[in-house]
Structures are given as structure tokens and as C-alpha cells.
> 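Can you read through this structure? Questions will come right after.
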Amino acid sequence: MQELQALSPYAYGLYLLIILGGSLAAALCKNLIRAMAGLITAMLGAAGMYMMLNAPFVAMMQVLIYVGAVSVLIFFAIMLTKTPAGDSPELGSSSKIAAGLVVGVMPFVFLVSACLNYFKQQVETPPDIPVDQLGQDLLTRYALGFELISVVLFVAMAGAVILGFERRRSQ
Amino acid sequence: MPTSTFLLCLPELYQMALALVLFAVILANPNQRANLSWLPAAAAVNIVLAACALPLKGLLFYDAYQIDGLSQFFKLAIAAGFFITTLNAVRQPTLETDKRTDYFFLLSVSALGLMLLASTVELVSIYIALEASSYSLYAIIALRGKDRRAAEAGIKYIMFGAAATAISLYGFSYILATQHTSYISELAAKSWSFAEAPGAAIGLMLFLAGFFYKLALFPFHFWCPDVYQGSSNETAAYVATLPKLGAVVVLVRMAALLKPGLEITTLIAVFGALSMTYGNFAALAQKDLKRILGYSSVAHAGYVTLGLVSGTAQGLAASAFYIVVYLVMNLACFWVVCRLSGNGENLQLEDLGGLFKRQPFLAFVLAVSAFSLVGLPPTAGFMGKLFLITSAWNHGYNWLVIVAAVNTAISIYYYLNMVRHAYTKESPEYPIAAKPGAASAVWGGVLAAAVLFLGVLPSPVFQWALTAGKQLLP
């Protein structure tokens, strides 16, 4: 057990690299399918983070739902939408890109330093929370949020259908 | 109070039923030619229900959903605003007929999300209620015929909105990691100073960012003029008014956690000052009426922070009252814009020329709302600003009060410029076609009367807000 504990910083670093690499690929790849592959990689990395938090159930759900189902859904969405006609607009001038980088990197640096300075690890190993307690909390203390998510999903689907139909008819 | 739990949340249940009926109408009419003239009347019923529900109190859903003075006050305002927006949007020239029911379905779900937002007192539920109200907006902003500008506005709103809510959720993780609870009632007992709980302070600021985005407060304001300009006039009237009620109700609840002098409070004050100044200066240069109103709402978001930073019940009440005033005066202003733009095009300042001769009554409604937006007596805007300024004075943010007063003076120019165009300029060579009927004049008159009424006799409404504020900060 002690040796495994000693390995945990390396595991953390590995998952972090997977997440970072995946999200960079998702953001920068011109090819949508490659960007999706990057996104899936990042989501797998997040599943690894859940394992580090001693939450294997959430990690399994992350793999099942996000890596498995949601990404397939997005692939379908990419397949069904028609690629926009004409060239994609050029990125702004190099000064604009530089400004964007500064604006993007600043919060990152600030938040990373905040995380490193103000958050200390308080427990040696995260507590093991059984699945039935998760379910009980979802249906008691967090019941309202749990129910409202269905409204959000419903609206998201309805909105997507309304906008999506419009696009198909105009072609 | 021995009331059944169903009765406690009657306005929300009614709003949900309305959304479900509209959904059934969509399903029953595949060709989407449903008659929707009943909708404003159905929305008006909810005003009565929300008014009856005003004195209710209770805690539902394992204490995650609180019915109190603040929530009922805002639910009534949301119901009234929803009624006016449906009335305004029923004859929408740029909305395709086959999308009409869909549009109102999404609109009513958005209002439902805002009503839920008014009552939720648990951070996860607050976040999800906010999402429920935003998702429907993401779709309806793009619904403006085949207009490219609307598609651009929709994409901007979604992208910035997604980023803002991601920041919000990230901040929530900080709060949960440091304070170990997501219930506002339990968070109230914790410290929020940077010295004692730096992680929590950063987290709360990030969490509030999502609501600053909805309110269009300074660093999160950039979507506002573009979205107003790109979306149809009627959609802009909704986006400009009701979501801000939802943002303010959460900000008022969260501001009850804060005291003057805390780092977060000072940061909110700085954002507020920048917001008013930037909004007013940017509005000076605009020609498009909806862009003017867009920058004006950035400025008004700044004024609202005056009440949030003082840390008193009066301040919270003044913020709540001001956002209701903002709702009424903006609805009045947008009412005129929508009625004047017969074909749904955007109006320029010049299009207002000679309005006094063509449509004297609409010109009057515009003048009343513009005076109120400036904050001149005897309009509601004046009383709202007075309450804000008196509540904030001598609570450590006097510089913010001075900035607000200076900004009011700056804003006189562009608001009264609209009135000047309407009353003294000649008609444009090809005046835009507009034939507002008697009914639209009546409702415009009702809105103008409400603006004047809240200015002359604000105390009934303000007392409700004050009771609500005292429940939060006894």
C-alpha cells in the first residue's frame, strides 16, 4: 500500500498530461474527427482523476457515459450536419492572437497558483463512499438538482431539434 | 403556515403546465399552424397566482428550495414580465409561422427556469436552474427568419455563456472543497475573507461570474450589445429584461453572505463602477437603438451593484426594487421599438425622427421610459436610484456612489437624445411603416403608467422588497 501511495503523484501527473494533451488536440485540430479523438482522450484522463479521488463508480460512469455514449452522439451530430460552404474565416492578426493568448494564459496562471497555494491535502486517502449513499444523496439532499437536470436536457434537445430542422430545410 | 406543498409552488407549477401545454400543442399540430392568441391571457393568470402566493413561506426538497419574501417578489415580477413579453412577441414579423409554438414553448421554459432560480438556495440547484433558463435562450436568439446576424448573436451567446458557466462551475468546486457544503444557509455561517478562506473567496467570485454574465456586468458584458442587435426586437426585449431578474435574485441571496470591506465585495464594487462607466461611454457613440439599450443595460448592471455591496437589508431591497424598475422601463422602451419596427428590422436613431407627429402616444411612452432610464423624477428610475444611493452611502463605498452619480449625468445625453429625435427632428425621408393598433397603445400606456406609478408611489413595492431583504439580513 505504501509503495502505491508513493506512486500517486506520478499517476496524477500522467492523468494531467492526458487531459491537457487531449484538450489541446480538441481545441487546435482543424479536422473535427481528430478534435473529437482529443476530447475523448481528455475525458478518459478525467476518469483517471476520479480514480485518484477514490471514486471508482464515478470513474466508471465517466467512461460509460462520456467516453462511450456522449462521444458517439457527437460523432453522429458531426456526420449529420453538413459542412459549411466556403472557407473558414481567418484567425485575426498576430497581435490579436497574442492578446488572446495573454487573456487565456493569465487566468490559468492565477488559478494554478491559487490551487497550489491555498489548497492543502487534508486527508491521506479520500474516504470510500458506497454507491448506495450516492444514490440516497441524489434523491434527498440533491433531489431538486437531480430532477431539474431532466428539464435542462429536455430543453436542450428541443432547442437543438428546432434549430437543426431549420438548417436542413434551408439547404 | 399549514399550506400544502403544492400550493406553495403554485406559480412554478402553473408555468410548467403552460410549457407542457405548449409542448402538447407542438405535438398536436405537426404543421405548426396553431392559434396562440390565448397565450398572453394564460400568462396573465400566473400574475394573479404569483400575487396570491406573495406572503407564503416554506422550505421544500430537503431544504434546497425556499419560498420566502424574496423568491415570491421575484416570481411575481417574472410572471408580469413574461406576460408582457408574450403579448409583445405574439405578432412577431421575423418569426416564421411554423416556429411560433416552439418559440413560445422555449420562452415559457426559460421563464420557468428563472422562477426556480428565485427559490433555489442550494448551489447545484441554482446552477442547474440557471442552465434551464439559458438553454432555451440559446435557441430562441437564433430564431429570426434567415437572418445571419441572429445566427452570429446565437453563437456568441452560446460560446460566451458556456465559458461563463464553466467558470461558475469551477468556482463551485472551490467552494465545495473549502466550505464542504453547497447550502446557502450553511455557507452563511462561514468566513469569506481572503485571509481566512482564500480558496472559498476565489471560488465564490468565480461562481458569481456566471451571474455577472447574465446581468452583463463589466468584464462579462461583451455579448450584450451584439446579442440585442442580432436577435429580433421581441427576443431582445426578453433577453434584456427577465434573465437579469434571475441573476439579481441569486446575487442578492449571495450578497447576504458578504459584508462591506471583504475582498469580494470590493471587487464587485470595482466591477460595478467599471460597468457603469464603460456602458455609458460606449452608449454615447451608438446609432442603433438596440445597441444603445444594450450598453445601457451594462450601465444599469453597474448601478445594481450599489445595493449589493452595502451589506444591509436596505441595500438588498434597493437592488431588488431597482431590477424590477429596470424590467418595467426597459419593457416600455422595447415595446415602442417593437411597435415602430413594422417589418422587424433594427431601428436607428434617425428612424425616431418626427415620431411625435406620427405616433404621439408612442413618443410619450418612449419619453417616459427614457426619463426613467436616466433617473429623472417623477419616474421609477429616479426612485430606484435614490434607494440605491441612500442605501450605499456611508457603508464604505462612497466612491462608488459618486461614480454612479457622475454616470447618471453622462447617461442623460444619449437617453434624452432618443427623446430629442422623437420630438424635435423631422421625419426621415422614408419613414418606416408602422401601424400600431389600439391594443398596443393601451399596453404601452400601461407600461408607462407603471413607470410613473413606481416613481410617485414606490412604497408598496419597496416595502415588499424591504421585507424580503430583512428576511435575508435580519
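In what follows, every heavy atom counts, from backbone to side chain, and hydrogens, waters and symmetry copies are set aside. To find a chain, count down the sequence lines: A is the first, B the second, and so on, and within it residues start at 1.
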> So which of B:Ala132, B:Pro198, B:Ser133 has the largest heavy-atom pair count under 4.5 angstrom toward chain A?
B:Pro198
> For A:Ala156 versus B:Tyr135, what's the shortest heavy-atom pair and its separation?
CB-CD2, 3.3 Å
> Quick check on B:Arg149: does its CZ atom have over 12 non-hydrogen neighbours (other residues, nucleotides or ligands) under 6.0 Å away?
yes
> Taking atom CE of A:Met49 as the centre, does the number of heavy atoms from other residues, nucleotides or ligands within less than 6.0 Å exceed 12?
yes
> Side-chain contact test, heavy atoms from C-beta onward, threshold under 4.5 Å: evaluate it for B:Leu60 versus A:Leu144 and give yes or no.
no
> Could you tell me which of A:Asn117, A:Ile149, A:Val151 has the largest number of non-hydrogen atom pairs under 4.5 Å with chain B?
A:Ile149
> Quick check on the structure: residues of residues 154-174 of chain B within a heavy-atom distance below 4.5 Å of chain A, by number.
B:Tyr170, B:Tyr174
> For the backbone of A:Arg141 and the side chain of B:Tyr183, can you confirm whether one donor and one acceptor N or O come within less than 3.5 Å of each other?
yes
> On a heavy-atom basis, which atom in B:Ser125 and which in A:Leu148 lie closest, and how many Å separate them?
O-CD1, 4.2 Å
> Measuring heavy-atom distances to chain B, does A:Leu153 have an atom under 4.5 Å in its side chain, in its backbone, in both, or in neither?
neither
> Tell me, side chain or backbone of B:Tyr127 under 4.5 Å from chain A's heavy atoms, or both, or neither?
neither
> Applying ring pair (Phe, Tyr, Trp, His ring centres under 6.0 Å) to A:Phe154 and B:Phe105, what does each step give before you reach the verdict?
CA-CA 12 Å; A:Phe154 175 48; B:Phe105 164 67; 5.6 Å; yes
> Taking all atoms of both residues into account, what is the closest heavy-atom pair of B:Val109 and A:Val155, and its distance?
CG1-CG2, 3.0 Å
> Do B:Phe61 and A:Phe146 make the cut of ring centroids closer than 6.0 angstrom?
no
> Would you indicate whether A:Gln136, at its atom CD, is surrounded by more than 12 heavy atoms from other residues, nucleotides or ligands within a distance under 6.0 Å?
no
> Indicate the atoms forming the closest heavy-atom contact of A:Phe119 with B:Ala177, along with that distance.
CE2-CB, 3.9 Å
> So for atom CE, which belongs to A:Met52, do other residues, nucleotides or ligands contribute more than 12 heavy atoms lying within a distance under 6.0 Å?
yes
> Do you know which of B:Tyr138, B:Phe23, B:Tyr103 has the most heavy-atom pairs with chain A at a distance under 4.5 angstrom?
B:Phe23
> Specify the closest pair of heavy atoms between A:Ala114 and B:Ile202, including all atoms of both residues, with the distance to one decimal.
CB-CD1, 3.5 Å
> Provide the closest heavy-atom pair for A:Gly159 versus B:Ala139 in the form atom of the first, atom of the second, distance.
CA-CB, 3.8 Å
> For the candidates B:Val124, B:Leu106, B:Leu112, which exhibits the highest count of non-hydrogen atom pairs separated by less than 4.5 Å from chain A?
B:Leu106
> Is B:Ile126 close to chain A through its backbone or its side chain, or both, or neither, when contacts mean heavy atoms under 4.5 Å?
neither
